[in-house]
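Protein chains get the first letters and strands the later ones, always in sequence-line order, with residue 1 at the start of each.
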There are 2 protein chains.
Amino acid sequence: MNIGDAAKQAGIPTKTIRYYDEIGLIEPSARGENGYRDYDGNAVESLRFVRHARGLGFSVEDCRALLSLYRDRNRASGDVKALADRHLRHIDEKIAELESMKRTLEILMARCHGDDRPDCPILDNLAAEGRDDQSGSRP
Amino acid sequence: MNIGDAAKQAGIPTKTIRYYDEIGLIEPSARGENGYRDYDGNAVESLRFVRHARGLGFSVEDCRALLSLYRDRNRASGDVKALADRHLRHIDEKIAELESMKRTLEILMARCHGDDRPDCPILDNLAAEGRDDQSGSRP
DNA sequence: TATGGAGGTTCCAGCAACTGGAAGGTCAAG
DNA sequence: CTTGACCTTCCAGTTGCTGGAACCTCCATA
């Protein structure tokens with residue numbers, strides 16, 4: 001099928017599919033004489049696979065690895081799990097970082113009047129000297 | 001002071017300081033005859049300010065706004081708070097997204113043996129059809 | 001057969017926020 | 001006078017697309 005139909009089947013924009021082709025992540029199963037990309041069931045399956053993996057936050061490089069594991073009948077599920085585990089830790093780090101920002105912001109916002117006067121603990125905090133980390137403020 | 005000293009004072013790499021100059025976020029207070037950037041106390045204060053704001057996850061554009069509020073004696077703290085609030089909601093969304101990925105990953109990983117056999121629920125899930133969202137799996 | 005519109009193709013640029021590197025100018029110390 | 005640590009600019013790359021321009025191709029209809 002043409003790229004447009006593949007896009008509908010897989011739930012991915014054509015632009016993205018062309019991009020995946022360009023970076024060698026998922027190549028069309030064939031090219032028509034007119035130069036049109038052709039995607040068969042297998043290719044569409046790969047596209048969907050990658051959409052799901054990306055949806056779980058895996059990087060494109062991770063997707064490449066996952067896809068090759070998926071296509072490898074002699075894979076060890078341990079390899080997949082290790083990859084997922086690394087990714088999970090990465091996610092945990094990000095969550096922790098965001099939570100820390102959130103905490104600081106909430107504390108500062110609670111102390112800001114939010115009226116039409118210039119007085120502002122948020123700005124005061126940002127302007128404060130010292131502090132080497134980025135977790136902000138000692139409230 | 002020269003850029004290197006400003007970098008030490010503010011805790012920001014020189015590269016980044018030059019970048020901030022380039023995009024007009026923080027310009028050096030002067031340029032020496034030799035073309036060297038010169039940063040005075042005020043400029044260094046701005047650099048530190050931006051470091052803190054970036055550390056709380058504010059975008060560079062937000063930093064621009066925050067900096068101009070900081071320099072504005074007639075500001076309303078409400079404007080600062082509104083900006084912070086928007087940012088906080090953005091953070092909340094990101095956290096929610098990551099938590100959702102985390103949940104799905106954990107469920108899948110719990111069901112994966114992680115041994116040397118090819119059998120893998122993680123891959124099975126990624127390959128599964130249907131499912132329009134990216135939150136993954138009905139376990 | 002002409003034509004219009006909906007496909008497809010390529011390449012180029014841009015987003016965010018830097019970071020690295022190359023090629024070269026400057027300055028203070030020894 | 002040389003060495004080495006600074007400084008300068010510019011260009012490219014990172015991640016994962018997304019938009020647009022310019023052009024080609026296919027199919028249906030008048």
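Nucleotide C:dC18 holds its P atom 12 Å from the CG atom of B:Leu47, rounded to whole Å. Atom-to-atom, NE2 of B:His90 to P of C:dA16 comes out at 12 Å; the value is rounded to the nearest Å. Spacing between atom CG of A:Asp38 and atom P of C:dG8 amounts to 12 Å, rounded to whole angstrom units. Here the C1' atom of nucleotide C:dT19 and the CD1 atom of B:Ile3 are 14 Å apart, to the nearest Å.
Under a 4.0 Å N-O distance rule, the pair A:Arg89/A:Asp85 qualifies as a salt bridge. A salt bridge is absent between B:Arg103 and B:Glu99: the closest approach of a Lys/Arg side-chain nitrogen to an acidic carboxylate oxygen does not fall below 4.0 angstrom.
Boundaries of the chain B contact region on DNA chain D are D:dC6 to D:dC10, first to last in 5' to 3' order (nucleotide atom under 4.0 Å from a heavy atom).
Nearest-nucleotide positions on DNA chain C place B:Ser59 closer to the 5' end than the other of B:Ser59 and B:Tyr36.
Side-chain contact between B:His90 and B:Arg86 is absent, with no heavy-atom pair separated by less than 4.5 Å. Contact of the A:Asn125 side chain with the B:His52 side chain is not registered, since no non-hydrogen atoms from C-beta on lie closer than 4.5 Å. Counting heavy atoms from C-beta outward, B:Leu47 and B:Arg51 have side chains that stay 4.5 Å or more apart.
Remark: B:Lys81 NZ to A:His113 NE2 distance equals 9.0 Å, nearest 0.5 Å. Here the straight-line distance linking atom OG1 of B:Thr104 with atom CD1 of B:Ile122 works out to 12.0 Å at 0.5 Å rounding. To the nearest 0.5 Å, the span separating CG on A:Leu108 from CG on A:Leu126 amounts to 7.0 Å. Once rounded to the nearest 0.5 Å, the distance linking CD of A:Glu93 with CD1 of A:Ile91 reads 11.0 Å.
Taken residue by residue, residues 19-29 of chain B places heavy atoms nearer than 4.0 Å to DNA chain C at B:Tyr19, B:Tyr20. Taken residue by residue, residues 4-18 of chain A places heavy atoms nearer than 4.0 Å to DNA chain D at A:Pro13, A:Lys15, A:Thr16.
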N/O donor-acceptor pairs under 3.5 Å from side chains in residues 56-78 of chain B, not counting sequence neighbours:
residue	atom	partner	partner atom	Å
B:Ser59	OG	B:Glu61	N	3.4
B:Ser59	OG	B:Asp62	N	3.0
B:Glu61	OE1	B:Arg64	NE	3.0
B:Glu61	OE2	B:Arg64	NE	3.4
B:Glu61	OE2	B:Arg64	NH2	3.3
B:Arg64	NH1	B:Ile23	O	3.3
B:Arg64	NH1	B:Gly24	O	3.2
B:Arg64	NH2	B:Ile23	O	3.1
B:Ser68	OG	B:Ala65	O	3.4
B:Tyr70	OH	B:Glu45	OE2	3.0
B:Arg71	NH1	B:Asn42	OD1	2.9
B:Arg71	NH1	B:Glu45	OE1	3.1
B:Arg71	NH2	B:Asn42	O	3.1
B:Arg71	NH2	B:Asn42	OD1	3.1
B:Arg71	NH2	B:Glu45	OE1	3.4
B:Arg71	NH2	B:Ser46	OG	2.6
B:Asp72	OD1	B:Asn74	N	2.7
B:Arg75	NE	A:Pro118	O	2.6
B:Arg75	NH1	B:Leu69	O	3.1
B:Arg75	NH1	B:Tyr70	O	3.0
B:Arg75	NH1	B:Asp72	O	3.4
B:Arg75	NH2	A:Pro118	O	3.2
B:Ser77	OG	A:Gly114	N	3.2
B:Ser77	OG	A:Asp115	N	3.0
B:Ser77	OG	A:Asp115	O	3.4
B:Ser77	OG	A:Asp115	OD1	3.1
B:Ser77	OG	A:Arg117	O	3.4

Show me the donor-acceptor pairs within less than 3.5 Å that the side chains of residues 32-39 of chain A make with the rest of the protein, sequence neighbours left out.
residue	atom	partner	partner atom	Å
A:Asn34	OD1	A:Tyr36	N	3.0
A:Arg37	NE	A:Asp21	OD2	2.8
A:Asp38	OD1	A:Met1	N	3.3

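Across the helix from C:dT1-D:dA30 to C:dG30-D:dC1, the helix axis at one end is tilted relative to the axis at the other end by 40° (nearest 10 degrees, each axis from five pairs).
Closest approach of A:Ala7 and A:Thr14 over heavy atoms only: CB-CG2, 3.8 Å.
Around NZ of A:Lys94, the count of heavy atoms belonging to other residues, nucleotides or ligands within 6.0 Å does not exceed 12.
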